[in-house]
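Quick notes on the structure that follows.
Please read these numbers as outputs of a predicted model, since none were measured by experiment.
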Amino acid sequence: MGHDWIIDVLADLKRFANTHDLPMLEAQLENTTLVASAEIGRMVENTCHLTQGDSPGNRRFSPSTGAGRRA
């Protein structure tokens, strides 16, 4: 499920705004949903690159030990 829950919460809030005749809030929530989707997508994409270790500059993370300690 990941971060999809936040999109569901925003959809619920948008339905509330629509039901209660709050058009400005509904429009703002639509914009917020677009921003959240884009940022979550970017975050997931960046995380995938880091965990896959596609390039020499990427770290590999071990599920049992994590990223390790930083100096």
- Message: Does any part of the side chain of Lys14, heavy atoms only, come nearer than 4.5 Å to the side chain of Asn18, both counted from C-beta?
- Response: no
- Query: Would Val44 end up clustered with Val9 when hydrophobic side chains under 4.5 Å apart are linked, directly or stepwise?
  - Reply: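 Linked within one cluster.
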- Message: Quick check: is Trp5 connected to Leu29 through a chain of hydrophobic side chains (ILVMFWY, heavy atoms under 4.5 Å apart)?
- Response: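 Yes, one cluster joins them.
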- Query: How far does OG1 of Thr32 sit from CD1 of Ile7, to the nearest 0.5 angstrom?
  - Reply: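 Rounded to the nearest 0.5 Å, the OG1-CD1 separation comes to 10.0 Å.
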- Task: Nearest 0.5 Å please: distance from the OG1 atom of Thr19 over to the CD atom of Glu26.
- Result: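 That separation rounds to 8.5 Å.
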- Which heavy atom of Leu10 sits nearest a heavy atom of Thr33, and at what distance? CB-OG1, 3.5 Å
